[in-house]
S.K.: 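Pasting a structure here, questions to come.
Everything numeric here is computed off the predicted structure, so don't read it as measured data. Residue numbering restarts at 1 for every chain, and letters A, B, ... go by the order of the sequence lines.
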Number of protein chains: 2
Amino acid sequence: MDSGAVILDLNQLRRSCASCALHELCLPAGIYGDDLRQLDAAIRDKRTLERGATLYRDGDAFRALYVVRSGSLKTFLQNEAGDLQILAFHLPGEILGFDALASNQHVSQAEALEHSSICELPYARLMQVSNEVPALHRQLMRVISREMVAEHRHLVMMGRQPAQERLAIFLQNLVDRYAHLSRDDISLTLSMSRYDIANYLGLVVETVSRLFTRMQETGVLEVNRKSVRILRPDLLAELCSTQHPVPMKRHDHD
Amino acid sequence: MDSGAVILDLNQLRRSCASCALHELCLPAGIYGDDLRQLDAAIRDKRTLERGATLYRDGDAFRALYVVRSGSLKTFLQNEAGDLQILAFHLPGEILGFDALASNQHVSQAEALEHSSICELPYARLMQVSNEVPALHRQLMRVISREMVAEHRHLVMMGRQPAQERLAIFLQNLVDRYAHLSRDDISLTLSMSRYDIANYLGLVVETVSRLFTRMQETGVLEVNRKSVRILRPDLLAELCSTQHPVPMKRHDHD
DNA sequence: CGCTTCGTTGAACAGCTTCAAACCTTGTGG
DNA sequence: CCACAAGGTTTGAAGCTGTTCAACGAAGCG
C-alpha cells in the first residue's frame, strides 16, 4: 500500500524458515523436514515497516497472521472516545493478529515502534498446511496460549501492583525476552516512548519518569533516554513482587 | 476424583451436543451431521461441581478443556506471595483451560462459584477429531480468539477506567452475556461475592459496595445482595464510557 | 536555528484505599 | 427455636499513592 523500500529489501528478506535465526523461537519450532518446507511455502514475501507505520488497524479484514522478524511493534485498542490502551509490545519471533480469528476482522491496531521486518502468514494457506501437518496445528495453539498467559500476567500487574512494581516487572520481562535474542542481558534499548510504557502499565508519563529516576538513584539501573542498563538484577527482581506490609485478605474456599 | 453426586447426575447429564440447549453458543456452533457426531463422541462424561470446588489448579497436568454447561466458575492466578487476581468469570457455553496449551500444565486455577455442571473435552481426542474435521479446528481457534478479545476489554478497563466505569462495564457485560441465555435481560443474579467482583475489577470491596449504593441512589439499578435489577439500561450504558472532562493526551503518529 | 515533540521535575489535588466499626445473613449447636 | 459465631456487606473518616497541572530542559527534524 505504500513505501517503495519494500521492493529493495525483498532479496535479503526472502529467506526460508530453515535458515532463519529465529527458527527455534518462532512458529516453526519443533517442525522439521518436509513439514517445515510446507510451512515455509505458506509464508508470503516478507515486508518491512517504518517507525510509526501501521501493520493492520481496527476493522481491517483478517487475511494473515504476522511474525516479527526484526524490530518491534505495539498492538493497542482505541475506543470511540479516542483513548487508547496498549495491549502488548512484540519482539522478534512473536506472532501478531490472533485477535482477528474470532470475527474475521482485526479488533486492534498494530504499529511498528521502529524499522521492522515482518513475515506474513496468509491464514487460508496456514490452515491448509496445518490440516496436513498436525504438528503445526498444535504449535499454533501453543503460541496462542502463550500469548494468553502473557496477557494474564499483564492483567495481574494492572490489577494488583503498585506503580514501581509495574515498571520493574515490565523491565524484567523485556530483559527476559531479549535474553535469548542477544548475548547482552543487562542492556536494553527501549524502542517505545515513555508514553507507551506508561500507557501499557496503566500509569501516566510523569509517574514512569519519576520511577526511572528513583530506580537510578537507588542504583538498580542506569537510564539514558532509550537505553537502560540493569546494574543490579537482584534488586530489580526484588522490586517485581510487592513486599506486603500486611497480608492480604484471602479468598479461601477450602 | 470425589463427590458421589457425579454418578447420580450422569443420566440426566449424558446428553449429546445435538440436543443441548447451548449447542449454538458452544463449541459445536456451525458443526453438523457426521462432524458433530464425531465431536460428541470426544466429549467425556459430564461432571458436576459444588460451590467452591476446584476444577483444576495451578500446576495440574493438562488433560482436557472444559465447557460450562450450567452454573458459573471463576479462573484466577495466585502468586507465591498469596495474592490473587481473578482473570474471568465463565458462564454456560464458555470454554476454560486454554492457558494450559502452551506448557502442557495449567497455570491458573478454576473454581465453581455455585453448583455447576461441566463438559470435559479430553484434549488428545479433541485434536484427533479436529484433524479430521477442519471446521472444528477453525472453531477452536475462533473460541480462543474470542477469549483473547474479552481479555483485551478487561485490560482496557483495568488500565484506563475509573472505578464507577469499571463496575458499569462489568454489569453491562454480564447483562449482555446472560441476554442470550435467558429471556430476562434486566435481572441478574450475581453468583460471585463482592470480594470477587472487586478483585476482578482491580478495586477493593469497600469501593464496589459504595458504587452499588451510589448506582442505586441515582436510580440506575436496584440491588439486594446477589440480585441486581437494571432499572435504567440507558444510564448504565452511559456510565460505561468515561466522559472526559479534558481530552486525553493523544498518541498520533500520522 | 527555530520548532515541535519527548522527557523530567515540582506542587497541589483527587480518588481510591486503608482502617475501623457496625450490620446483616447463614449456619451450627445447645 | 434461639443464641452465637463467622463471614459477607455496608458505611464512615483519615491517609496515601498516583494524577493533574504547570513549567522547563533536551533531543530530533525541518
Side-chain angles (χ1 to χ4, degrees), chain A residues 50-52 83 113-115 157-168 189-217 221-228 239 242-254, chain B residues 50-52 74 83 113-114 157-168 189-217 221-228 239 242-254:
Chain A
E50 290 312 310
R51 180 172 190 280
D83 50 22
L113 292 167
E114 58 191 313
H115 178 88
M157 206 182 60
M158 298 287 244
R160 304 266 134 250
Q161 309 286 354
Q164 179 164 264
E165 278 74 352
R166 297 192 195 188
L167 184 57
T189 302
L190 304 173
S191 55
M192 65 296 284
S193 72
R194 297 287 194 266
Y195 279 91
D196 286 340
I197 298 175
N199 182 291
Y200 176 77
L201 299 177
L203 303 170
V204 294
V205 215
E206 292 92 327
T207 305
V208 170
S209 181
R210 280 185 247 275
L211 287 173
F212 268 122
T213 306
R214 198 200 304 175
M215 286 185 175
Q216 179 158 267
E217 281 166 2
L221 47 75
E222 203 174 70
V223 56
N224 190 287
R225 313 252 328 144
K226 300 278 181 200
S227 100
V228 175
L239 290 179
T242 319
Q243 35 284 354
H244 293 284
V246 180
M248 289 199 70
K249 279 146 196 154
R250 290 169 305 120
H251 288 247
D252 293 352
H253 286 268
D254 252 298
Chain B
E50 292 310 312
R51 179 171 190 280
K74 63 178 173 186
D83 51 22
L113 292 167
E114 57 190 315
M157 205 182 63
M158 298 286 245
R160 304 267 132 248
Q161 310 287 352
Q164 179 164 265
E165 279 73 353
R166 296 191 196 187
L167 184 57
T189 302
L190 305 173
S191 56
M192 65 296 284
S193 72
R194 298 288 137 102
Y195 279 92
D196 285 340
I197 298 175
N199 183 292
Y200 177 77
L201 299 177
L203 303 171
V204 294
V205 213
E206 292 94 324
T207 305
V208 170
S209 181
R210 282 184 246 274
L211 288 173
F212 269 121
T213 307
R214 198 200 305 175
M215 285 186 177
Q216 179 158 265
E217 281 166 1
L221 48 77
E222 204 174 69
V223 57
N224 188 285
R225 314 251 331 145
K226 300 276 180 201
S227 102
V228 175
L239 289 181
T242 319
Q243 35 283 355
H244 292 284
V246 179
M248 287 200 70
K249 278 146 195 152
R250 292 169 304 119
H251 287 247
D252 295 350
H253 284 270
D254 249 300

S.K.: Once hydrogens and angles are ignored, does a donor-acceptor distance under 3.5 Å link the base of D/dG7 to the side chain of B/Arg194?
M.R.: no

S.K.: Is A/Thr207 near enough to D/dG18 that one of its side-chain N or O atoms lies under 4.0 angstrom from OP1 or OP2?
M.R.: no

S.K.: When you measure only distances, ignoring hydrogens and angles, does the side chain of A/Arg214 come within 3.5 Å of the base of D/dT17 through a donor and an acceptor?
M.R.: no

S.K.: Identify the two heavy atoms, one from A/Glu165 and one from A/Leu239, that lie closest to each other, and give their separation to 0.1 Å.
M.R.: CG-O, 3.1 Å

S.K.: Are OP1 or OP2 of D/dT11 and a side-chain N or O of B/Thr213 less than 4.0 angstrom apart?
M.R.: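 Indeed, a polar side-chain atom of B/Thr213 lies that close.
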
S.K.: List the residues meeting side chain to side chain contact (heavy atoms under 4.5 Å, CB included) with A/Ser209, not counting sequence neighbours, and say none if there are none.
M.R.: none

S.K.: Kindly write out the residues that satisfy side chain to side chain contact (heavy atoms under 4.5 Å, CB included) with B/Val223, not counting sequence neighbours, or none if the list is empty.
M.R.: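 Side chain to side chain contact (heavy atoms under 4.5 Å, CB included) check on B/Val223 returns B/Arg194, B/Phe212, B/Gln216, B/Leu221, B/Val228.
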
S.K.: Just jot down the side chain to side chain contact (heavy atoms under 4.5 Å, CB included) partners of B/Arg225, sequence neighbours excluded, or say none.
M.R.: none

S.K.: Where is the tightest heavy-atom contact between A/Tyr200 and A/Met157, given as atom of each residue plus distance?
M.R.: CE2-CE, 4.2 Å

S.K.: Provide, to the nearest angstrom, the distance between the CG atom belonging to A/Asn199 and the P atom belonging to D/dG18.
M.R.: 17 Å

S.K.: Starting from P on D/dG18, measure out to CZ on A/Arg166 and report it in whole angstrom.
M.R.: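 Those two atoms, CZ and P, are 8 Å apart.
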
S.K.: May I have the distance from B/Asn224 (atom CG) to D/dT9 (atom P), rounded to whole angstrom?
M.R.: 12 Å

S.K.: Restricting to non-hydrogen atoms, name the atom on B/Asp196 and the atom on B/Lys74 that form the minimum distance, rounded to 0.1 Å.
M.R.: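 Nearest heavy atoms, B/Asp196 then B/Lys74: OD1-NZ, 3.0 Å.
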
S.K.: Considering residues at least two apart in sequence or located in another chain, which fulfil the side chain to side chain contact (heavy atoms under 4.5 Å, CB included) criterion with B/Ala198?
M.R.: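 Here the qualifying residues are B/Val208.
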
S.K.: Could you tell me, to 10°, how much the axis swings from one end of the helix from C/dC1-D/dG30 to C/dG30-D/dC1 to the other, five pairs per end?
M.R.: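 End axes: 40° apart.
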
S.K.: Between the main-chain N or O of A/His115 and the side-chain N or O of A/Arg51, is there a donor-acceptor pair closer than 3.5 Å?
M.R.: no

S.K.: Find every protein N or O atom lying less than 3.5 Å from an N or O atom of nucleotides 20-24 of chain C, and list the pairs.
M.R.:
none

